[in-house]
Amino acid sequence: MSMKNRYLPFMMLLIVIAGCGARPDARDFPKQSFPVSEKAPQKAPVIVESAPGQPVKADEPRGVIDLRDALSATLENNPELSAARWQVRIMESGIGQSAVRKNPELDFAAEQFGGVGSRKEFDGAEITFRLSQVIELGGKRTARIRESKLAHEVAAWDYEIMRLDILTRATGAYIALVASQEKAALADETVALAENFAKMAAERVKAGKVAPIEEAKANVSLSRERINQNQRVRELAVARKQLAAFWGGKEPVFEKASGVLDSLYGIPSLEQVRDVFEKNPHLARWAAETERYSSRVALEKKRRIPDITVSGGAGRYRDDNSTAYLMGLSFPLPLFDRNQWSLKQAEQESLKAADARRSQETQVKNSFYKAYQELVSSYDNARVLTQEIIPVAQKTLGDVTEGYRQGKFSSLDVLEAQKTYFETREQGIDTLAAYHTAVAEVERLAGAPLQYLVIKR
C-alpha cells in the first residue's frame, strides 16, 4: 500500500471530525433592530449592537425642548438603559456559544524508546497519533440552543420593561418641570399683582381714604409673595436638573420645556384599557420566562443520555517501519451520576417560576387598577378645578379688587380673594400634573398610549 493510501482513512476521519466542529451558519441568528416605537411590541423586542466598541454619547438637547426631545435623549444616553442593552447583547452572544460543538482532541504518544538493545534511542519506538471527538446524543445541542434563545428573549423583555419604566419616569420628570415653570410664572404674576395692590393701598392712604394699616398689610402680603417667588425659582432649578439626569446631564443646558398642562383627554373605560393591558410587556415577559424554565428541564433530561467519544489514528513502528491504524469508541456508564439532581433542581426552578409568574401578575394587575382609579380621580379633580372653581375665583378677585377701588371692600377682602385665587391656581397646576402623571403610569402598565383609545376633548 502506498503512503497516500495508507493514511487515507485517517485523513477522512479528520475531515469528518472537523466538519462536526464547524461554526453555525450566521443566518441561524439574524440580527434584529432595537424597537423604539411607543407601542409595546407583541413579540419579544431584540436589540443588537449597532457599532462595535463603547456607545457614543449624543449631544444633550438645547434651546426649547419638548417631551419627544427629552425621551429621545433618555433613550440614547440613559446609563440604566445602556447597561440593559449590553445585557441583551451578552445573551445574544450566548446563543452563538451554545451552538458550538465540542472541540476535537489530538493525542500524541511515543512508547518503547530510550531503553537498551533494540529499544535504544528511537530504534524500536512506537509513535501513535490519535484524534478523538465527543458526539452529543439525545438532541442536547438543539435543546441548549433553544434554552439560550429563550434566555435572550427574556432579557429582551426585561429591557423593554425597563425602557417603559424609565421613559415613564422621564415623562413624570418632564411634567414636574412644566408644572414648576407654571408655578414660577404664577409666582411672578402673584408678585406683580401684590405690587399693584401695595401701590394702590399707598395711594389710598395718601389720599386719606383708608388708614395706614391698609398699606402695611399690603406690604406684608407683597413680602410673603416674594419669598414664595424665590422658593419657586429654587424648585424650578431642581426640576431642571432632575430631568437632565435622565440622559446623564450634570447641568441642564436646555432653555426651557415647552408644553402646557391644561389639556385633558377623555378617560377610556376600564374594559378598553384592560384589553390592551393583557398584552403588556410585564405579562408577556413571564410567558417567555416560563417557557425558558421548561426548556431547561428538557435540556437536563437530555443530559442524562451519555455522549460517545469516537477516535481514530495511526501508529508508526520504527523497528520494522510499519504503520497500523487505530479506532476507538467510548462512553460513560451512568451508574452513579445520571444527572438526577440537576434535573430535580431544574424542575423545582420551573415550579418556582410558575408561582412567581402568578404573584407578579397579581401585583401588576393591582398596580394597574390602582393607577386607573388615580387617573379617573385626578381627571375629575382637574376638570372641576379648571372648568368651575378657578374661573369663579378669578371673577371674584376681579370684582373684589374693583370694589376696593370704589371703597366697597377692605384690603383684607382683597388679600383674601387674592390668596384664594392663586392657591386655587396652584392647586390646579398640581392636579393637572397629577393627571398627566397618572396617564403616563397607566400607559406604562397598559403598554400603549391612551390616545389610541379615546378622542381628545
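In what follows, every heavy atom counts, from backbone to side chain, and hydrogens, waters and symmetry copies are set aside. All of these numbers come straight from a predicted model, not from anything done at the bench.
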Problem - Derivation of the side-chain contact (heavy atoms from CB on, under 4.5 Å) call for Glu289 and Arg357 - result: CA-CA 9 Å; Glu289 179 81 322; Arg357 176 180 184 175; over 6 Å; no

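- Between the side chain of Gln181 and the main chain of Ala257, a donor-acceptor pair closer than 3.5 Å is present.
- Leu222 contributes atom CG, which lies 10.5 Å from atom CG of Leu193 (distance to the nearest 0.5 angstrom).
- Thr290 contributes no side-chain N or O that, together with a main-chain N or O of Ala287, makes up a donor-acceptor pair within less than 3.5 Å.
- The side-chain contact (heavy atoms from CB on, under 4.5 Å) test applied to Ala176 returns no partner, not counting sequence neighbours.
- The CG atom of Asp69 sits 7.5 Å away from atom OH of Tyr174, with the distance rounded to the nearest 0.5 Å.
- Using a 4.0 Å cut-off between charged side-chain N and carboxylate O, Lys365 and Glu361 make no salt bridge.
- Listed by first and then second residue, the salt bridge (Lys or Arg N to Asp or Glu O under 4.0 Å) pairs that reach into residues 338-351 are Arg296-Glu349, sequence neighbours excluded.
- Residue Gln97 qualifies as open at atom CD: its count of foreign heavy atoms under 6.0 Å is 12 or below.
- In this structure, Val88 and His152 have side chains that are in contact, with non-hydrogen atoms separated by less than 4.5 Å.
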Problem - Audit row: Thr190, Gln229, side-chain contact (heavy atoms from CB on, under 4.5 Å) steps and yes/no - result: CA-CA 8 Å; Thr190 306; Gln229 183 185 41; over 6 Å; no

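- Nearest heavy-atom pair, Leu264 versus Ala382, reported as atom, atom and distance to 0.1 Å: CD2-CB, 4.1 Å.
- Counting only heavy atoms from C-beta outward, the side chains of Tyr159 and Leu81 approach each other to under 4.5 Å.
- Remark: Glu92 does not engage Arg89 in a salt bridge, criterion side-chain N to carboxylate O under 4.0 Å.
- In terms of modelled atom types and a separation under 3.5 Å, the side chain of Asp66 and the main chain of Ser258 share no donor-acceptor contact.
- Nearest heavy-atom pair, Ala356 versus Trp286, reported as atom, atom and distance to 0.1 Å: CB-CH2, 3.5 Å.
- Contacts of Tyr372 classified as ring pair (Phe, Tyr, Trp, His ring centres under 6.0 Å), with partners at least two apart in sequence or in another chain: none.
- Legend: residues meeting salt bridge (Lys or Arg N to Asp or Glu O under 4.0 Å) with Arg304, ordered by chain and number and at least two apart, are absent.
- Not a single ring pair (Phe, Tyr, Trp, His ring centres under 6.0 Å) links Phe254 to another residue, sequence neighbours left out.
- The two residues Val253 and Pro61 come nearest to each other via the heavy atoms CG2-O, 3.5 Å.
- Remark: Thr171 pairs with Leu67, Leu71, Ile175, Ala440 by the side-chain contact (heavy atoms from CB on, under 4.5 Å) rule, at least two apart or across chains.
- Among residues two or more places apart in sequence or in another chain, the salt bridge (Lys or Arg N to Asp or Glu O under 4.0 Å) test is passed with Asp158 by Arg285.
- Val439 places a side-chain heavy atom less than 4.5 Å from the side chain of Leu375.
- Asn381 has its side chain out of reach of Tyr435: every pair of non-hydrogen atoms, C-beta onward, lies at least 4.5 Å apart.
- When all heavy atoms of Ala198 and Asn219 are compared, the pair lying nearest together is CB-OD1, 3.7 Å.
- A side-chain donor-acceptor contact under 3.5 Å links His436 to the backbone of Leu261.
- The shortest non-hydrogen separation linking Gly428 to Ile390 is CA-CD1, 4.3 Å.
- Across every non-hydrogen atom of Lys140 and Lys302, the tightest pair is CE-O, 3.1 Å.
- Applying the salt bridge (Lys or Arg N to Asp or Glu O under 4.0 Å) test to Lys217 and every residue at least two apart in sequence or in another chain returns nothing.
- Listed by first and then second residue, the salt bridge (Lys or Arg N to Asp or Glu O under 4.0 Å) pairs that reach into residues 231-245 are Arg232-Glu235, Arg232-Glu426, Lys241-Glu251, sequence neighbours excluded.
- For the pair Thr168 (side chain) and Leu164 (backbone), a donor-acceptor distance under 3.5 Å is present.
- Put simply, OG on Ser350 and CZ on Arg292 are 10.5 Å apart, with the number rounded to the nearest 0.5 Å.
- Between Asp262 and Thr386 there is no side-chain heavy-atom pair separated by less than 4.5 Å.
- A donor-acceptor contact shorter than 3.5 Å is absent between the side chain of Thr420 and the backbone of Ala417.
- For the atom pair Leu243 CG and Leu177 CG, the distance stands at 6.0 Å (nearest 0.5 Å).
- With sequence neighbours excluded, no residue forms a salt bridge (Lys or Arg N to Asp or Glu O under 4.0 Å) with Glu105.
- Among Arg144, Arg141, Lys102, the one residue that satisfies the side chain to side chain donor-acceptor pair (under 3.5 Å) test with Glu136 is Arg144.
- Taking 4.5 Å as the limit, some side-chain heavy atom of Leu270 sits within range of a side-chain heavy atom of Phe368.
- Classification of Arg146 and Glu291 as a salt-bridged pair holds, one side-chain N sitting under 4.0 Å from a carboxylate O.
- Expressed to the nearest 0.5 Å, how far NZ of Lys352 lies from OG of Ser359 amounts to 11.5 Å.
- Using a 4.5 Å heavy-atom threshold, the side chains of Met162 and Arg85 count as separate.
- Ion pairing between a basic and an acidic side chain is recognised when a charged N comes within 4.0 Å of a carboxylate O; Lys206 and Glu203 show no such pairing.
- Applying the salt bridge (Lys or Arg N to Asp or Glu O under 4.0 Å) definition to pairs two or more places apart or across chains, those involving residues 181-196 are Lys183-Asp430, Glu189-Arg425, Glu195-Arg226.
- Rounded to the nearest 0.5 angstrom, Glu441 CD and Asp165 CG are separated by 8.0 Å.
- Under the side-chain contact (heavy atoms from CB on, under 4.5 Å) criterion, Ile308 pairs with Ile135, Leu137, Val310, Leu329, Phe331, not counting sequence neighbours.
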